[in-house]
Amino acid sequence: NKQLKYTASNSFWDSNIQVPYYDEKELNERQLPESIIKYPYLTVSDFLEPVIFELDYKLNYKAFYNPDKDNNKDISYALPLTKRFFDFFTIQDLMNKNSNGESMLEINSYSSSVDVILRVPINKGKDIITFTRRYESKENSFESNLTPDLKNNKGVIERLDAAVAVYPFIQSQNVNEYRIGLYKVKDYDINLIYFNKNNKSINIIDTKQRGEDNVKSSYDLVENQFEYITVNYFGYSNSIIPIWKKQNAANEKFTFAVDFGTTNTHIEYQIGNSLAKPFEINEKDIQFESTISSKSTKGGTPLFISRSIEL
């Protein structure tokens, strides 16, 4: 094993020392394993959550970051990353490949468990420390009350019957107001928190509730740009990361004309002195995105939720 320097230029870490998976002390109060040296070292539990949320549908991975190695399944997962992870790394860090062409975050799912791999760059990216955690399914466990065991690095899969939609799905200098819909099939206490590029939560200006026969929904209004969303459920959190459409502010002058008909409304527009043309909306112009993929083939929960989003 390669020897790595840590507290001083001439101090090398002994790779035979067993580092715990979890340290309950505050970061600045920790001592290095098998040492009296106080040093803010990090464990797997500082970066990976105890629970991973299983989504009962195919994730819209074109709009939301998905490190799952298998995009063809009819289930997917939220990201079990802690808030502390984003204190050290940006969204771009997470999405970039390392020098070996590997993703920083990787999710591998099996019939009754999920393995999460987090490759953390150190030494200015020259070396990698790999954190892993296995999450077990409650449904397929012999333990009736399966709960996370952080000291032994054992996580739990929790099913989340919910979806999120964001409007407008763009980042631009001129856009600072967003509406985010949360859709759930049961009246569980689920809430969303939005974080900016400095990893600070932003204020929710207003929330409206709406209920239908099969789906309960709420709509948050925020007036700041955000980088990621945490879904908070039963005391646990996972992250959802939008892959924003970037749009530069336009300097052209637009002129619109609207013809309100009895059955149809027709809109035309003109940019500067160019010829007027019909205002048309195709797939690439859709202004909102939801976590449910349009290619999701399952009925039941995803079908009820996707119909509500379309409404």
Side-chain angles (χ1 to χ4, degrees), residues 1-8 11-25 27 30-35 37 39-54 59 61 64-71 73 76-137 148-158 199 228 230 236-241:
N1 291 335
K2 181 178 180 180
Q3 286 189 313
L4 297 173
K5 299 174 184 179
Y6 63 109
T7 57
S11 297
F12 292 89
W13 180 254
D14 183 356
S15 60
N16 294 314
I17 294 176
Q18 294 295 313
V19 179
Y21 300 115
Y22 170 73
D23 193 324
E24 63 185 10
K25 293 180 181 177
L27 194 58
R30 295 178 185 177
Q31 289 180 227
L32 289 174
E34 300 184 21
S35 170
I37 298 175
Y39 193 82
Y41 78 99
L42 295 159
T43 71
V44 61
S45 296
D46 289 301
F47 286 160
L48 294 180
E49 291 281 356
V51 163
I52 189 171
F53 295 156
E54 180 183 279
L59 184 70
Y61 63 88
F64 296 90
Y65 178 60
N66 179 26
D68 196 334
K69 296 289 284 185
D70 184 0
N71 288 325
K73 302 187 306 298
S76 50
Y77 300 91
L79 308 179
L81 296 171
T82 65
K83 181 180 182 295
R84 175 166 282 167
F85 171 85
F86 295 103
D87 286 335
F88 290 87
F89 302 102
T90 66
I91 302 296
Q92 201 59 49
D93 292 333
L94 179 64
M95 293 184 177
N96 287 340
K97 304 279 188 181
N98 63 25
S99 58
N100 296 323
E102 299 170 313
S103 298
M104 189 175 186
L105 183 65
E106 182 178 317
I107 295 177
N108 297 291
S109 56
Y110 307 99
S111 59
S112 59
S113 64
V114 174
D115 286 348
V116 174
I117 302 171
L118 182 64
R119 302 178 179 94
V120 178
I122 60 171
N123 192 19
K124 298 181 179 180
K126 297 177 183 177
D127 298 291
I128 299 290
I129 290 180
T130 301
F131 289 142
T132 62
R133 172 164 287 167
R134 171 159 290 186
Y135 297 84
E136 299 284 350
S137 170
D149 180 2
L150 297 185
K151 290 186 176 180
N152 291 302
N153 200 24
K154 294 181 179 179
V156 171
I157 301 171
E158 188 74 57
N199 205 25
Y228 72 98
T230 60
Y236 297 109
S237 297
N238 274 200
S239 298
I240 295 174
I241 299 178

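Below, all heavy atoms of this structure are taken into account, side chains as well, without hydrogens, waters or symmetry copies.
Nearest approach of F64 to L59, heavy atoms of both residues: O-CD2, 4.0 Å. For the residue pair V114 and I157, the shortest heavy atom distance occurs at CG2-CD1, 3.7 Å. The nearest pair of heavy atoms linking N153 to R133 is OD1-NE, 2.7 Å.
Checked by atom type and distance alone, the side chain of R119 pairs as donor or acceptor with a backbone atom of S103 at under 3.5 Å. A donor-acceptor pair is defined here as one N or O able to donate and one able to accept, closer than 3.5 Å; such a pair exists between the side chain of N66 and the backbone of D68. Using modelled atom types, one side-chain atom of T82 and one backbone atom of D46 make a donor-acceptor pair closer than 3.5 Å. Without hydrogens or angle criteria, D23 side chain to K25 main chain gives a donor-acceptor distance under 3.5 Å.
Remark: T90 engages D93 in a side chain to side chain donor-acceptor pair (under 3.5 Å) (not counting sequence neighbours). Residues that satisfy the side chain to side chain donor-acceptor pair (under 3.5 Å) test with E34, not counting sequence neighbours, are absent from this structure. Judged as a side chain to side chain contact (heavy atoms under 4.5 Å, CB included), and not counting sequence neighbours, the contacts of P33 are W13, I17, V19, P20, Y41. Looking at residues two or more places apart in sequence or on another chain, you find no ring-ring contact (aromatic ring centres under 6.0 Å, His included) involving Y135. The ring-ring contact (aromatic ring centres under 6.0 Å, His included) check on F86 picks up Y228, with sequence neighbours excluded. The ring-ring contact (aromatic ring centres under 6.0 Å, His included) search around Y22 returns none, not counting sequence neighbours.
Other residues, nucleotides and ligands contribute only 12 or fewer heavy atoms inside 6.0 Å of the OH atom of Y21.
In this structure, N199 CG and R84 CZ are separated by 11.0 Å, a value rounded to the nearest 0.5 Å.
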